[in-house]
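Everything on this sheet refers to the single structure shown next.
Just so we're on the same page: letters track the sequence lines, and every chain starts at 1.
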Amino acid sequence: METVKVTFQVNNEKTVLAVKPNETLLETLRERLDLTGAKESCGIGSCGACTVEVNGLPLRSCIVLTSEMEGADITTIEGLCGEGKLHPLQETFMEQGAVQCGFCTSGMIMTAKNLLDRNDEPTRKDIVNTISSNVCRCTGYKKIVAAVEKAGKYGR
Amino acid sequence: MDDDLRVVGKRVAAVDAYQKVTGTAEYCTNISLPGMLVGKVLRSPHAHARVVKVDGSKAEVLSGVKAIVTHQDVPRKVFTYNVMTYQLPQGELQDMHLFDHKARYIGDPVAAVAAVNEEIANEALRLIDVEYEPLPAVFTVDEAVKPGAPVVHDFAENNTPVPPTPVFCYGQDVEELFKEADAIAEGTFSTSKQIQAGLEPACSVAHFHDGRLTVWSQIQLPHMARKMLAYLFDLPESKVRLIQPFAGTGFGAGTDLCCEPYACALAIKAGAPVKVLYSRSEDFANRITREHICKIEMKIGVRKDGAPLALKAKYTGDAGAYMCKAASGCGVALASNITEYKFESMYQEIEAIYTNHVACGAMRGFGGVQSSFARESLIDEVCEKIGMDPIEFRLKYHRNVGELGWFPTTQISSCGLDECLRAGAETIGWYEKKALPKNGVRRRGLGVACMAWLSGAQPMLLEHSNAILKFNEDGGCSLFVSPGNMGQGILGTLAQIAAEVLGLEYRDINLIYGDTDLTGFDIGTHASRGLYCIGRAVKKAAEDARAQILERASAILDAPADQLDIKDRKVFVKNEPERSALLSQISNACIYDYQKGCRQIVAHATVDPAEFAPPWQAGFAEVEVDTQTGVVEVIRWITVHDVGRAINPQVVEGQLEGGTAQGIGFALYEDTQIIHGKLLTDGFDKYRIPSMLDLPEHETVLVEQGDPTGPFGAKSVGESGLFLQVPAIANAIYDAVGVRIRDLPMSPERILKALKEKTAP
């Protein structure tokens with residue numbers, strides 16, 4: 001299969017790759033760049049476990065083609081902690097017990113991060129409405145909501 | 001209760017949380033080894049067919065294909081995915097072959113391939129020439145037992161490997177007691193085949209090198225999985241190493257083998273590491289589901305004061321194509337009834353029947369969830385008949401300490417159900433809300449249900465655990481344990497137990513787990529056993545290590561060992577705390593002081609508990625039923641749970657809150673739609689699990705009275721979170737609109753149908 005050359009930024013690093021036209025961003029991140037924080041669960045964009053940030057928007061990387069990422073600025077969970085310091089969401093997810101099996105965690109945190117970037121005082125309703133796009137089978141969500149609420153306060 | 005605990009009872013972050021929030025945690029699906037191949041399974045498109053021929057010659061010559069395995073390539077051995085067979089002296093029924101001459105469900109493996117990439121592996125699957133002779137198939141237990149029905153297994157007459165068999169009956173003839181009863185309630189209940197639906201799809205990696213087979217697996221029962229794989233591939237157990245990275249799945253799914261045998265067969269033939277990763281639809285359709293108790297017929301009788309006389313029940317399991325956990329699911333279902341109420345007599349039967357469905361494994365609340373649905377619904381019904389409040393009935397007639405437990409010879413060691421019932425009734429406003437009138441289109445109702453469960457399936461099953469503690473010269477220690485690690489918080493909880501005994505901080509305990517080469521034997525995680533059984537082993541090992549430390553410190557501090565204590569990494573004389581030695585000084589001496597003798601502090605403990613320490617729970621649901629649409633909205637859910645002692649309350653709440661979501665899903669909409677043996681709901685877009693928007697306000701209240709047999713009084717709660725939503729919601733629906741729903745899920749269609757039947761003349 002022919003390949004397409006793509007240049008983009010991942011976690012502030014310039015990346016140049018030749019990719020197959022049908023390669024998903026999730027495959028590129030996990031299999032070529034060894035960034036395995038984003039997870040494949042449903043493979044059809046319905047669960048949110050693969051969420052990463054692309055140009056400031058949370059996207060389901062399992063249904064995004066890498067060949068369309070020319071010039072994009074991508075942040076994954078691995079790029080969230082700067083200079084060894086965790087993002088407030090990473091801290092509160094640990095502290096509030098919002099992590100069990102952890103398979104949804106990267107996607108949850110990336111989705112919540114985007115909310116906090118846009119809205120530094122989200123109400124409970126804002127939080128639930130935003131991150132209800134992501135599913136978790138372990139926690140019953142209560143501690144996830146609490147973690148996002150607390151991180152919102154942290155940020156302020 | 002002992003209240004000067006420093007580590008036990010504290011809310012501390014899970015030990016594996018850091019790796020998970022930074023995206024660095026290792027899962028099976030992340031494993032990548034040099035030269036690793038992609039393994040794929042070729043599955044039967046027929047629900048029932050003879051496999052006449054499997055010809056891989058065209059696939060074999062495809063460039064990039066490294067191995068093809070069919071029934072010709074593996075030792076022909078009867079086995080079962082259900083590795084729990086080793087926990088019973090007589091074992092479980094084994095009726096599977098790795099690749100059989102007959103396919104018995106849509107998806108039954110016929111061959112497998114390993115290739116350098118996924119595209120080539122998929123192409124190779126297409127090139128394998130399989131000749132099938134399709135056979136008539138059977139999809140319901142009622143059809144399967146009819147004369148002339150298609151035969152799923154030749155050895156099982158009438159497709160009935162387990163004919164109606166009475167189990168754990170006690171007391172006098174129940175029929176005689178029903179004659180004395182003032183009120184009787186009976187009914188037939190059906191439940192669906194819930195999918196565990198962990199977010200990580202089934203995955204296993206295997207590597208056969210230098211005569212040793214290494215397997216990365218999501219299994220919850222590592223040592224028994226090792227034993228089964230060793231048997232399948234003619235290897236001694238010591239030549240098989242099972243590694244468990246973090247699992248993004250579980251809830252019972254890991255109590256059975258899944259893709260491991262296929263990965264192993266391919267890796268052995270290819271001589272290279274092979275990863276088998278199921279797609280989501282392959283995972284939902286082929287990973288064995290919740291034990292499917294398709295029919296429960298139950299009858300109970302009570303006196304007019306409520307005194308429970310007799311309970312009679314029959315559980316019918318749709319085993320699917322292989323037995324796996326069908327019979328044991330039915331067996332545990334009936335056993336769980338025994339602990340709950342003081343019935344004078346009980347007669348219960350189980351039956352398991354083969355059909356051409358995928359086999360059943362286990363899911364959280366194994367059997368007990370289904371029997372609670374039937375029992376707690378009928379209790380509600382008799383209470384109405386005799387005019388007794390359902391909470392009063394339960395307060396008066398639940399079993400208590402010293403009485404018969406779930407299995408003959410067991411006794412109940414603790415019971416906090418009274419407090420659970422009273423606290424829950426008050427929190428939800430039971431008596432006030434019950435008195436409110438019901439009218440309008442949307443009507444509200446309240447329901448209650450109770451359960452008693454277990455902390456491990458002993459003494460029916462072997463529940464052997466080991467813990468090893470090893471002190472380094474700096475006073476830190478490593479704890480070697482082997483639970484199934486699926487994020488339930490067991491690792492940190494075990495560390496808290498050890499730290500408490502040893503006067504250490506929780507972070508001082510370095511956990512070594514998830515590798516059968518490194519840890520002692522352990523059954524692993526199932527039947528809510530982890531905290532209770534492994535926790536008891538950890539506490540015992542820690543007490544041994546503590547005694548060794550004090551003995552050594554006694555010489556250093558020149559004081560008798562029984563007058564010493566450990567706190568904050570320091571050993572001191574109890575009534576002269578300033579006479580002290582650092583733990584690091586003592587453990588260093590144990591390793592390097594050759595003048596006084598070297599003996600590193602290493603402790604090992606084995607446990608095989610006899611007690612079962614039942615956790616108790618009362619669940620309360622408030623629902624609103626729309627009488628025009630049949631939609632049930634859960635307004636509020638409250639669980640009050642007797643956990644003995646919460647070692648880490650945050651972890652305990654997490655278990656119960658997660659169970660609540662799964663229980664509400666099971667009650668209202670999680671449904672496996674299967675038509676002619678084909679699973680239609682094979683993705684998260686079709687099989688709906690609760691999202692954040694679907695859940696009501698839910699609260700968890702913990703009751704901690706301590707169990708005399710549990711580590712620091714703790715009992716296990718791994719499964720109980722999803723026990724009571726089904727019966728409590730069913731009872732609340734009745735309270736709201738006066739219809740009894742006996743089939744799961746309690747969908748709007750079923751509610752509307754019941755409402756229509758109720759108003760029909």
So which part of [X] gets closer than 4.5 Å to some heavy atom of chain B, the side chain, the backbone, both or neither?
X        : result
A/Thr105 : side chain
A/Ile131 : both
A/Leu80  : neither
A/Glu31  : neither

Which heavy-atom pair separates [X] from [Y] by the least distance, and what is that distance?
X        : Y        : answer
A/Arg137 : B/Gln662 : O-NE2, 3.1 Å
A/Arg30  : B/Thr29  : NH2-O, 3.2 Å
A/Ser106 : B/Gly23  : OG-CA, 4.2 Å
A/Gly102 : B/Tyr27  : C-OH, 3.2 Å
A/Ser46  : B/Phe684 : OG-CB, 3.7 Å

Considering only heavy atoms and a distance below 4.5 Å, find which of A/Ser41, A/Cys138, A/Gly37, A/Ala38 pairs most often with chain B.
A/Ser41
Sort out for me which of A/Gly140, A/Cys101, A/Cys81, A/Ala98 touches chain B most, counting heavy-atom pairs under 4.5 Å.
A/Cys101
What distance do [X] atom [atom1] and [Y] atom [atom2] have between them, rounded to the nearest 0.5 Å?
X        : Y        : atom1 : atom2 : answer
B/Leu695 : A/Lys142 : CG    : NZ    : 11.0 Å
A/Ile144 : B/Met692 : CD1   : CE    : 5.5 Å
A/Thr36  : B/Glu26  : OG1   : CD    : 6.0 Å
A/Cys136 : B/Leu199 : SG    : CG    : 7.0 Å
B/Met486 : A/Phe103 : CE    : CZ    : 15.5 Å

Using modelled atom types and a 3.5 Å cut-off, is there a donor and acceptor pairing between side-chain atoms of [X] and backbone atoms of [Y]?
X        : Y       : value
B/Tyr18  : A/Gln90 : no
B/Lys20  : A/Val99 : no
B/Gln650 : A/Glu95 : yes

Below 4.5 Å, heavy-atom pairs only: which of [options] has the largest tally toward chain A?
options                               : result
B/Gly683, B/Gly665, B/Ala13, B/Gly654 : B/Gly654
B/Thr24, B/Thr22, B/Asp283            : B/Thr22
B/Pro690, B/Ser279, B/Gly198          : B/Pro690
B/Arg11, B/Glu119, B/Gln488, B/Gln196 : B/Gln196
B/Leu693, B/Asn30, B/Val12            : B/Asn30

B/Ser691, part contacting chain A, at a heavy-atom distance under 4.5 Å:
both
Under 4.5 Å heavy-atom distance to chain A, tell me which part of B/Ala197 shows up: side chain, backbone, both or neither.
both
Look at atom CG of A/Asn12 and say whether more than 12 heavy atoms of other residues, nucleotides or ligands are closer to it than 6.0 Å.
no
Any Lys/Arg nitrogen of A/Lys143 or B/Glu657 sitting under 4.0 Å from an Asp/Glu carboxylate oxygen of the other?
yes
Thinking salt bridges, do A/Lys20 and B/Glu118 make one under a 4.0 Å N-O criterion?
no
Answer yes or no: is there a side-chain heavy-atom contact under 4.5 Å between A/Gln100 and B/Gln655?
yes
Do B/Val21 and A/His87 make a side-chain contact, defined as non-hydrogen atoms from C-beta onward lying under 4.5 Å apart?
no
